[in-house]
Protein chains: 4
Amino acid sequence: MSSLNKVILIGRLGRDPEVRYMPNGEAVCNFSIATSETWNDRNSGQRQERTEWHNITMYRRLAEIAGQYLKKGSSVYLEGRIQSRKYQGKDGIERTAYDIIASEMKMLGGRNDNSGGAPYDDGGYQQQSYQQAPAQQNYQSAPSYQQEAPSAPPAAPARRAPAAQAAPVEDIDDDIPF
Amino acid sequence: MSSLNKVILIGRLGRDPEVRYMPNGEAVCNFSIATSETWNDRNSGQRQERTEWHNITMYRRLAEIAGQYLKKGSSVYLEGRIQSRKYQGKDGIERTAYDIIASEMKMLGGRNDNSGGAPYDDGGYQQQSYQQAPAQQNYQSAPSYQQEAPSAPPAAPARRAPAAQAAPVEDIDDDIPF
Amino acid sequence: MSSLNKVILIGRLGRDPEVRYMPNGEAVCNFSIATSETWNDRNSGQRQERTEWHNITMYRRLAEIAGQYLKKGSSVYLEGRIQSRKYQGKDGIERTAYDIIASEMKMLGGRNDNSGGAPYDDGGYQQQSYQQAPAQQNYQSAPSYQQEAPSAPPAAPARRAPAAQAAPVEDIDDDIPF
Amino acid sequence: MSSLNKVILIGRLGRDPEVRYMPNGEAVCNFSIATSETWNDRNSGQRQERTEWHNITMYRRLAEIAGQYLKKGSSVYLEGRIQSRKYQGKDGIERTAYDIIASEMKMLGGRNDNSGGAPYDDGGYQQQSYQQAPAQQNYQSAPSYQQEAPSAPPAAPARRAPAAQAAPVEDIDDDIPF
DNA sequence: TTTT
DNA sequence: TTTT
């Protein structure tokens, strides 16, 4: 019997995404998004709100695209899976973090997304199948959203060169579907 | 711009579900299910497997149904949302747990599910809309799957009497869709 | 073994929604939304686009809310199920229509949604569980989006009075979650 | 504003899947699966059941895997999108068919799935990203599940050779995730 | 029939 | 830390 671990989120970024590069040259993007629910309390009748923050991790091309097009306040649709990760906090105590490893992304055009002057507010990109395999977990020894970026991209990246962060859009434009 | 926080899981229970009752008489059910993914490591070419355990929480009628029909090894489809919860560990240190608050359940008939002699291996139940509202979070001060059950169901439950745990199936049979 | 029939759509309304009332007083709302996908043709290298139109049907309170808040051009998140329906075309020939019976809706704030001066661009509403049961199919003898509305709401609606179409927002404001 | 067209189904095959090959050598697999819902009629109180049949289409490697592992009665999890298709019926009249173009599949081990003696009852496979692009629609001029297979696979398939239908499992075993 |  |  197969199992399924699927998460579907729509929310806004709390900060700009961070893109780092792993020793093998693969990009990793981290950010967090907020989802909120509101309801009427059954006892007080008062309007209640609860916000949940989700830590998002993306790899490879999806990481590069997110790093290029998303920013603080962007509204985004994400699909991925829940993945736990042990790490040692600054207090030396082991904790477990939960990340959403996103494999699909669609940019939803919020007001803020247009402020950057981008000529589009629309996006869709599905991760290649091989991305389904979890990336090296050991690389992430702390909550990714608190993690310091590697000092520099690797000199000789394995498998694929990261798109330079200043690369023009055209570099990736030919195979992203928007 | 609305947000969305949706989780869809298919997996097996690691233990029998636990049903407790809150002071207002509402049932709470906790259990955890495993999802696993396998992939071929790109470097070694070796088959890899990773299992993720998800802590599930259900409320009210869905909790009662789960407590009655699921057991260790059962395969189940669940739909719900991710919800974090702060708690103090036995070591006195605050941690954050992540639960899946399930609002929909379908029993998937695995081999183990039939051992109980139940005449069906099929189920579906969708939570009432009002359940969407998060229940009192304060009631859960520790990871729910480690939490001791209240000593007894409340004498005068608010709103709805919990189905007694020994209640015959017929008591709830008339409005569950299986 | 349970089955699952779930559809998740994000798209824009091609026209204003139409709300009708069934003889028992229940509201039915019909509209269609467009989803589009774009890709680079592998042979020509040319950008391709394909738009799909989905016929949406909603019942009861969700129908009333949609009729009140959605309009042509609105962007909306919908969750529901696929349901086929036989009908006789104007040419007297039987055909099969496919509708999405929506049970959950979230309004996604597009530019057009704000033009109406509504003070919110955010919505979420989940259908009550009992709505899961298919409504009387016989009432729909033609594609719903082409169907003429009943001449008038029933004089003595069964079970629940429809919110008059001119009813102020406050009438339903107290139990919808936005 | 991006759009989304996603379908998630769990159901059983009504017949064995059919695999054909397009002129460019790509495999196409067609079958249909049933989903059923049951509910208590609100008036009569009687148990009602409704079965919906979904026409499934898969391309390329997913088509080959489905053709090899699924059969009549198999229980399967599918993810894909809704796609309409105009065709001319035997009576010369144009109709519209609705297919689910599946891009992800997981085999759910039901009783029937084991009768073939397969050493596994578990599967998962996600389509490569490029499959997201709709295949040549013109190739499908009739409801796919009624369509006769091409007389033979092409002599010189473009891009990738189809796994011969009699090929041993090992031929594809090295990169499918089960 | 939406939208970019 | 987003947003309404």
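In what follows, chains carry the letters A, B, and so on, assigned in the order in which the sequence lines appear, proteins first and then strands, with residues in each chain numbered from 1.
- No donor-acceptor distance shorter than 3.5 angstrom exists from the side chain of A/Thr38 to the backbone of A/Glu49, with no hydrogens or angles considered.
- One interatomic measurement links the two molecules: CZ of A/Phe31 to C1' of F/dT3, which rounds to 16 Å at whole-angstrom precision.
- Using a 4.0 Å heavy-atom cutoff across all strands shown, A/Thr51 reaches at least one base atom of the nucleic acid.
- Here F/dT1 presents its P atom at 6 Å from CZ of A/Arg15, a figure rounded to the nearest Å.
- Note on B/Arg81 versus A/Glu52: no salt bridge recorded, every NZ/NE/NH1/NH2 to OD/OE distance being 4.0 Å or above.
- Among the nucleotides F/dT1, E/dT2, F/dT2, the one closest to the side chain of A/Ser32 is F/dT1.
- Atom CZ in A/Arg12 sits roughly 18 Å away from atom P in F/dT1 (whole-Å rounding).
- Across all non-hydrogen atoms, the minimal contact from C/Ser75 to C/Arg12 is CB-NH1, 3.9 Å.
- Atom P of nucleotide E/dT3 and atom CD of C/Glu37 are separated by 19 Å, given to the nearest angstrom.
- In this entry the distance linking CE of C/Met107 with C1' of F/dT3 reads 16 Å, nearest Å.
- For the atom pair D/Tyr98 OH and C/Asp99 CG, the distance stands at 8.5 Å (nearest 0.5 Å).
- For A/His54 and F/dT2, the NE2 to P distance is 15 Å, given to the nearest whole Å.
- Summarising the geometry, the separation between CG on C/Leu108 and C1' on F/dT4 is reported as 14 Å, rounded to the nearest angstrom.
- As a whole-Å value, the separation of A/Leu70 CG from F/dT3 C1' is 15 Å.
- Closest-nucleotide positions on DNA chain F for A/Ile33 and A/Glu49 were compared, and the one nearer the 5' end corresponds to A/Ile33.
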